[in-house]
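Have a look at the structure below, then the notes.
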Amino acid sequence: MTAAAAARSILTQLHEVMASRMHAQGKLDRVVEIIGETLDSEVCSIYLLRDGMLELFATRGLNKSAVHVTRLAMGEGLTGTIADQVETLNLAEAKAHPDFQYRPETGEDKFHSFAGVPIVYRERSVGVLCVQHVEPRRYEDVEVEALQTTAMVLSELLSNNDLVDEVQSGGRGKQQTGPVTITGLSLVKGLASGLATFHQPRITIDHVMADDIEAERQRVYRAFDKMRDQIDGMTQQAEFGKGGEHDEVLQTYKMFAYDEGWSRRINEAIDSGLTAEAAIERVQQRTRMRMREIDDPLLADRMHDLEDLSNRLLRIVSGQLGTAATQGLRRDTILIAKNLGPAELLEYDRRRLKGVILEEGSLTAHVVIVARAMGIPVLGRARGIRSVVIEGDEILLDGDAGCATVRPGQTVAAAFDTRFAKTKERQAAYAEMRDIEPFTRCGTRIQVMMNAGLRDDISNLNLVGADGIGLFRTEFQFLVSATMPQREKQLRLYRDVLDAAGDKPVIFRTVDIGGDKAVPYLKPGEAELDENPAMGWRALRMALERQGLLKAQARALLEAASGRSLYVMFPMVSEPWEFDAAKAVFEDQLAFLRKRKHVLPDRVEYGAMLEVPSLAEVLDLLIPRVSFISVGTNDLTQFLFAADRANPKLAERYDWLSPSILRFLRRIAQATVGQEVDLGVCGEMGGRQLEALALLGLGFRRLSITPVSVGPIKELVRQVDLSEITEAMTAWLSSPPDNMRETLKAWADERGIATD
Ligand code: PEP
Ligand code: MG
């Protein structure tokens, strides 16, 4: 019999059973008969999980008296192993398997061959379906596939019957019940606890058996068309920059997406009577099983691609397209994702989102900066987290130690609570410092400002006691909006920000879109598509070309600041003329408003971000033009080291405390000495105590940092003697120690300067 014919025959019969008015037990009894007859199998049994044990619920061929008597723990015997590992076993000689266990009451001693598949409900093993033969032989693929299809139908039966309650309460494999600790890279410090939510929720398949096969076929055709269009769109973009990992991945995707074998197998599964969703899942199960048998890391990667693609197809066909954000968070959440964009993160309800765990991620990726600004701890590079965690699992996220405990035991949870309470105490202590001015021990006042980008951030200004907003990332408004924010909307935000800041200065940075801050409605034209967006058509480069955008923003800012001071900063200035051109746009708008007799700002100060190394070579030309310079160490570092800030593989490779960066920064600081220009740092580097200490030693007197760091940095400033650290830095930079970080840390420890 062909695979499709066997499956069709089984499904037709199962369809009748499921539609019948029989009690669940009666249905299970029928199912084992159907499987036994169709596969010509001497034994067919169903074990279901009850009170944490796998109980024999129905059998054909074993002693009937063993039904509801034979019980196995998860992981016990072959049946327990299948459920525990959520995997299929196909054995010619069952007794030869190390996990084999003999149960005399079943009378199974005469059977040699054994094949079993897990029954999975809501991602959990809730039972096992197995067949046995006297004759020692491995089962054909067709037979195993028929079992897998039946297992899917059984899971639907369980969900529709009273059996499901019993199943739901106990059901999951052993490896998924105990506590597991996952380590990763600490991207945003802090502690958080909540229940696991997947950014891309797993798809639930409610109906396995098709009512109308032709309709299912049409659904899957349409889904294939849509998916292929999507993949074509992606590859076309990538074709502008051939080569590289990204391109390779997409090409593989494309190959899989157009793979005739894949679509044929799905069609065959539909022919046998499955719904489109069940057919896709069915075929995926089979591929998974085959791949598992081949132990090859390269193939494992390909498997990942295929899983992604299969999930994409499932999402399209089932219409379950949204992320967890669109469905809304209903409880304290630890969000789990492979990776996220900043806009995707911002879609979440900030009150409920307590922490984020990413399989990828790097310290200065914008999603991480946004999370840091939101005060949300992030653990990155947590490999394998998605296979260990189940939606709804409790998670304790330790962003300080760079790990997360999934399903913690009581002792761990209690220890975590104690630490949590201590951190809160510390935060309260920082909050008390909000009115204390950050003077160094030697009496120099350091400007500690904060970075912001959203309306909600402004309340932090007084909460943490910052000296102002040293970087307002105006593009965040663009990132959270589905369409381009109109001038009036921009104006309203800027006015609100200035109102809330009162006398404290706010430095508005004009839009820095592009790189990892792409917005759907502002795409480069085809001729401008970037292979390397961080170095491409972004920030000021885009703004100078699409002047409509910059003009609208200039008008909005100038009008919002009427009657008060306005500080404007341009991102990604690479040469002084770009600064001139951007300033000219503002001056034109100012002239326009003047002519219209608008109330103008009292004064407008212009500054530049120094984040492209080329600008550092022409500081003598830049300084006379600007009122202030703010060093963007996030981009500066990526350009200095030629290391993509969003690439997780490079996340730990370069240190902010390396002599090359520190010497570079010192040169900038020295070039501004005695000049009429304010100098500061607004990258993430300034928010870390050890790095901030180094910056003070290099001559920086203004730091603009993430709000949660304001307290710790003020505390640091108050312990520092500037001449001491300047002298030490000078010595280290002329003859760098092997490990600058350790040297600086030891130096701070010796003086009792607390650094994290
Ligand atoms: C920087 O590059 O250091 C910076 C502050 O800007 P952003 O992180 O928004 O690119
Ligand atoms: Mg930048």
Side-chain angles (χ1 to χ4, degrees), residues 187-188 341-343 345-346 361-374 378 448-454 457 466 468-480 506-519 532-543 567-574 578-579 582 607-616 628-647 651 654 656 661 664-665 668 679-688 691-692 695 700 702-707 709 713:
L187 294 179
V188 178
L345 180 70
L346 287 166
S362 68
L363 268 179
T364 55
H366 276 102
V367 62
V368 174
I369 292 177
V370 172
R372 196 172 291 127
M374 289 160 82
V378 181
V448 181
M449 303 176 90
M450 65 167 230
N451 297 343
L454 296 168
D457 294 338
I469 296 177
L471 167 65
F472 189 88
R473 291 181 163 102
T474 59
E475 65 276 5
F476 280 11
Q477 187 185 23
F478 288 65
L479 288 177
V480 293
V506 180
I507 299 179
F508 288 97
R509 177 177 74 182
T510 59
V511 283
D512 181 6
I513 289 171
D516 62 345
K517 289 184 284 195
V519 291
N532 183 347
M535 290 197 186
W537 194 71
R538 64 172 273 207
L540 201 55
R541 298 164 182 181
M542 178 198 275
Y567 299 88
V568 182
M569 176 159 78
F570 302 117
M572 289 280 289
V573 178
S574 315
E578 290 168 326
F579 172 84
M609 285 197 72
L610 199 162
E611 48 185 349
V612 182
S614 60
L615 198 61
F628 58 92
I629 294 174
S630 193
V631 183
T633 47
N634 305 336
D635 275 313
L636 183 64
T637 315
Q638 79 164 340
F639 297 137
L640 216 48
F641 283 115
D644 184 350
R645 65 195 262 187
N647 186 334
Y654 304 104
W656 274 317
I661 297 199
F664 196 91
L665 292 173
I668 298 169
L679 178 69
V681 164
C682 63
E684 300 305 297
M685 181 178 175
R688 296 160 68 109
E691 280 81 346
L695 289 169
F700 288 86
R702 190 174 80 199
L703 303 173
S704 188
I705 56 184
T706 193
S709 293
I713 294 298

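Just follow the structure's listing: the first ligand is 1, and inside any ligand the first atom is 1. Here the structure is a predicted model, which means the values were calculated and not measured. Residue indices begin at 1 and follow the sequence shown.
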Quiz item: Which residue owns the protein heavy atom closest to atom 2 (O) of ligand 1, what's the atom, and how far is it?
Solution: E611 OE1, 2.9 Å
Self-check item: Nearest non-hydrogen protein atom, atom 5 (C) of ligand 1
Solution: C682 O, 3.4 Å
Quiz prompt | Whether E684 lies under 4.0 Å from ligand 1, heavy atom | solution = no
Practice problem: Tell me which protein heavy atom sits closest to atom 8 (O) of ligand 1, plus the residue, atom name and distance to 0.1 Å. | Solution: R645 NH2, 2.8 Å
Self-check item: Side chain, backbone, both or neither: L636 near ligand 1, heavy atoms under 4.0 Å
Solution: neither
Quiz item: Relative to the heavy atoms of D512, which atoms of ligand 1 are at a distance of less than 4.0 Å?
Solution: 10 (O)
Self-check item: Atoms in ligand 1 flagged as close to I369, the criterion being non-hydrogen separation under 4.0 Å
Solution: 8 (O)
Self-check item: Atoms of ligand 1, numbered as shown, that sit under 4.0 Å from any heavy atom of M609
Solution: 4 (C), 5 (C), 6 (O)
Exercise. Give the contacting part of L471 toward ligand 1: side chain, backbone, both or neither, where contact means a heavy-atom distance below 4.0 Å.
Key: side chain
Self-check item: Side-chain donor-acceptor pair present, S709, R372, cut-off under 3.5 Å
Solution: no
Exercise. Decide whether the shortest distance between a heavy atom of R509 and an atom of ligand 1 is less than 4.0 Å.
Key: yes
Practice problem: Starting from atom 7 (P) of ligand 1, find the nearest protein heavy-atom neighbour and note its residue, name and distance. | Solution: H366 NE2, 3.3 Å
Exercise. Have a look at ligand 1 and work out which part of V631, if any, has a heavy atom under 4.0 Å from it: side chain, backbone, both or neither.
Key: neither
Quiz prompt | Metal check, the Mg ion (ligand 2) vs D635 N/O/S, cut-off below 2.8 Å | solution = yes
